[in-house]
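This report refers to the structure that appears directly beneath it.
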Amino acid sequence: MGVIILLVMAAGVAAMLTRKIPTAFALVLLAVAIAVLAGAPATGKNSVLDTVVQEGAPMLAATMIAILLGSWLGRLLDETGIAGTLVRKIVEFGGDRPVVVALGVLAVSTLVGTVTGSAPAAMLAGIVGIPAMIAVGIPKTTAAGTILMGIAAGMPFELPIWQFFSTALELPVETVREFMLKLFPFALTAAVAFVLVETRRRGVEHTWSLRTAPPKSSQRKRLGDAPWYALLTPVIPLVLALGFELAIIPSLLAGILYAVLTTTRPGQISKRLLRTFYSGVEVAAPPIALFIAIGMLLAAVKLPGAVDALAPLVKGVSPQNAVLFVIVFTVLVPLCLYRGPLNVFGLGAGIAGVLIAAGIYPAAAVLGLATSYNQVFGVSDPTSTQTVWAAQYAGVTPQQVMVRTLPYVWFVALGGICVTAATSL
Amino acid sequence: MTVVRATPATWHPDDIDHAVRLLAATPTHEGRDPDLLRQWALTATEFGASLPATPCHARIVQLQGGLDEGLLARYTSRPAPTLTLFTDSVQLAERVIAENGWRDWYPPGSVRAAALAHEAVHAQLHHGPHRARLKRALGHVVLRFGRRRVYGHVAGTEEIAAHAYAQVTCGLGRSPLVLTTALSEHLNLPPLTHSDRREN
């Protein structure tokens, strides 16, 4: 039965890869199919409807709320001009040194990446940041890669991600935080190296474009520069969660309040809060749909029947030796690309669930693997929304961005997997 | 190519309008005061026109495919300074000039010369001391320490300077920006906006 479940999982990956079915729907179908194959009854204890669908759907509820609050804060950073001001200041101060502008935009992207993820994060930093970098001569692929590498450098501190791994892997937030602190130096080193090496290798690029400015300015309405103290907004949730060990949701709420109080007239506060909340809901809808599906998949692979069927198979191919562990899982890094089986926000979540439920690796080791792969997926996967958006906005293909960034994020994954092998195996 | 030095009095008002629009569509200038943009456009134009004529030392490569990429020329500093001239775009530009009866403004062969001059300025600004001079000329103060001032970079002004340099060096009657607009309209390209990628 285990082989059949694996074949069904492979079919699910194929459906996601070929975009026949949206990832979230494919994961729900997979969850139900796995539960049925594992011999789960329709209703009752360890059943398809009650356990997988009813209990699985809200399993990651805390993550969904955190994602929603992160998206809300992201909308506020945009609407209040905080993100735009940060990038504008960087261009004004460092515009004649392209590498300084790129490093500055990288820093803004890192800050944004701590607040929210996916395409909204790329847009927050990239809408002004990408054209600003191109305008000072940074080549397009480097500009897109800088935004993505920056967001990935902030990802170890993205509070909704902490919540996700904590809930999905049933680990305390403190354990997740501890590992993320170890992963961060690798992510930051790779991001800075990307900017320094790529700007040195590719130099600057200027073009005489055939496109011209519109007859009447159709520019975005200028929001005005946000006050300097409002620019601290992205670090507020981080300081509270990291420095004061405040829980994730209150930390994010504090960031939202700080952003609105430092940029908005008192009479406008509730209107702005409500408006940005609603648009934040819209932004958060795709990841929330994914987390509902991942919750069901996790519930399905944890069913006793599924564990019994999959454990012998997975155990047989899972390296226990630390060196082999590092080599095998580093070589497997590309499997998290193109919605592959190790994509943490896809079937990878299910595989992580199997590894823990079958007792193959401790949950902390699975956390290390999953977060390391997440660093690769978040930057180089040509099907992830942030990569597609950043590449297309810069005027290059997602594949070009993948080829340019993959060596750097592979290094991050290697670092994360080494730390995992050394501390958690 | 005869070198004709223009004076500020000879700038056609429409040319400055084109430069102002280019600045307005450049990120970081969202909603800036149009008068300030006009002042910067004029300063950058005069600065570009005043740059000493220097030969282009970059390797010159001629390629097809500019119309697909929406480019007339491209300068890249690495691995070796290279200027790519897109011959299909240059040919189209010459045809558009002929069709519009603009030969007085853009003599035969002037598009190629202007493209070389335009990218040569980018090379100059990238490698030489002129960039700091341009910043000072624009006078955009971003920080003050008592009497000391820190001048900010004004995105888009280098592009305007490059076009002005090309106009003066190649003796063009009108700014290359006018030609760019005509080419853009001919190809029906969507205009640049803040939500677009920005090329210069």
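Numbered from 1 within each chain, the chains take letters A, B, ... in sequence-line order.
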(request) Tell me, for A/P98 versus chain B, whether the close heavy atoms (under 4.5 Å) come from the side chain, the backbone, both or neither. (result) side chain
(message) Under 4.5 Å from any heavy atom of chain B, what part of A/R201 do you find: side chain, backbone, both or neither?
(response) backbone
(request) Calculate, to the nearest 0.5 Å, the distance between atoms CZ and CZ belonging to B/R131 and A/R97 respectively. (result) 9.5 Å
(request) Residue by residue, scan residues 85-94 of chain B and write down, ordered by number, those that have a heavy-atom distance under 4.5 Å to chain A; if none do, write 'none'. (result) B/S89
(request) Using heavy atoms and a sub-4.5 Å threshold, report which of residues 133-148 of chain B line up against chain A, by residue number. (result) B/K135, B/H140, B/V142, B/L143
(message) Which residues pass the side chain to side chain donor-acceptor pair (under 3.5 Å) test with A/T262, not counting sequence neighbours?
(response) none
(message) Keeping B/R74 on the side-chain end and A/E205 on the backbone end, is there a donor-acceptor pair under 3.5 Å?
(response) no
(request) Taking all non-hydrogen atoms of both residues into account, name the closest pair between B/S77 and A/G203 and its distance. (result) OG-CA, 3.2 Å
(request) Indicate the atoms forming the closest heavy-atom contact of B/E119 with A/T207, along with that distance. (result) OE2-C, 3.8 Å
Using non-hydrogen atoms and a 4.5 Å limit, figure out which bit of [X] sits close to chain A: side chain, backbone, both or neither.
X: B/L187; answer: side chain
X: B/P176; answer: both
X: B/A114; answer: both

(request) Quick one: which residue pairs count as a ring-ring contact (aromatic ring centres under 6.0 Å, His included) with a foot in residues 105-129 of chain A, not counting sequence neighbours? (result) none
(request) Have a look at B/H153 and tell me which of A/I90, A/V101, A/V136 forms a side-chain contact (heavy atoms from CB on, under 4.5 Å) with it. (result) A/V136
(request) Inspect the contact between B/E69 and A/K140 and indicate whether a charged nitrogen and a carboxylate oxygen are less than 4.0 angstrom apart. (result) no
(message) Parallel, tilted or perpendicular: which one describes the rings of A/H206 and B/H122, with boundaries at 30° and 60°?
(response) parallel
(request) Go through B/A115, B/G152, B/A73 and name the one with the most non-hydrogen pairs under 4.5 angstrom from chain A. (result) B/A73
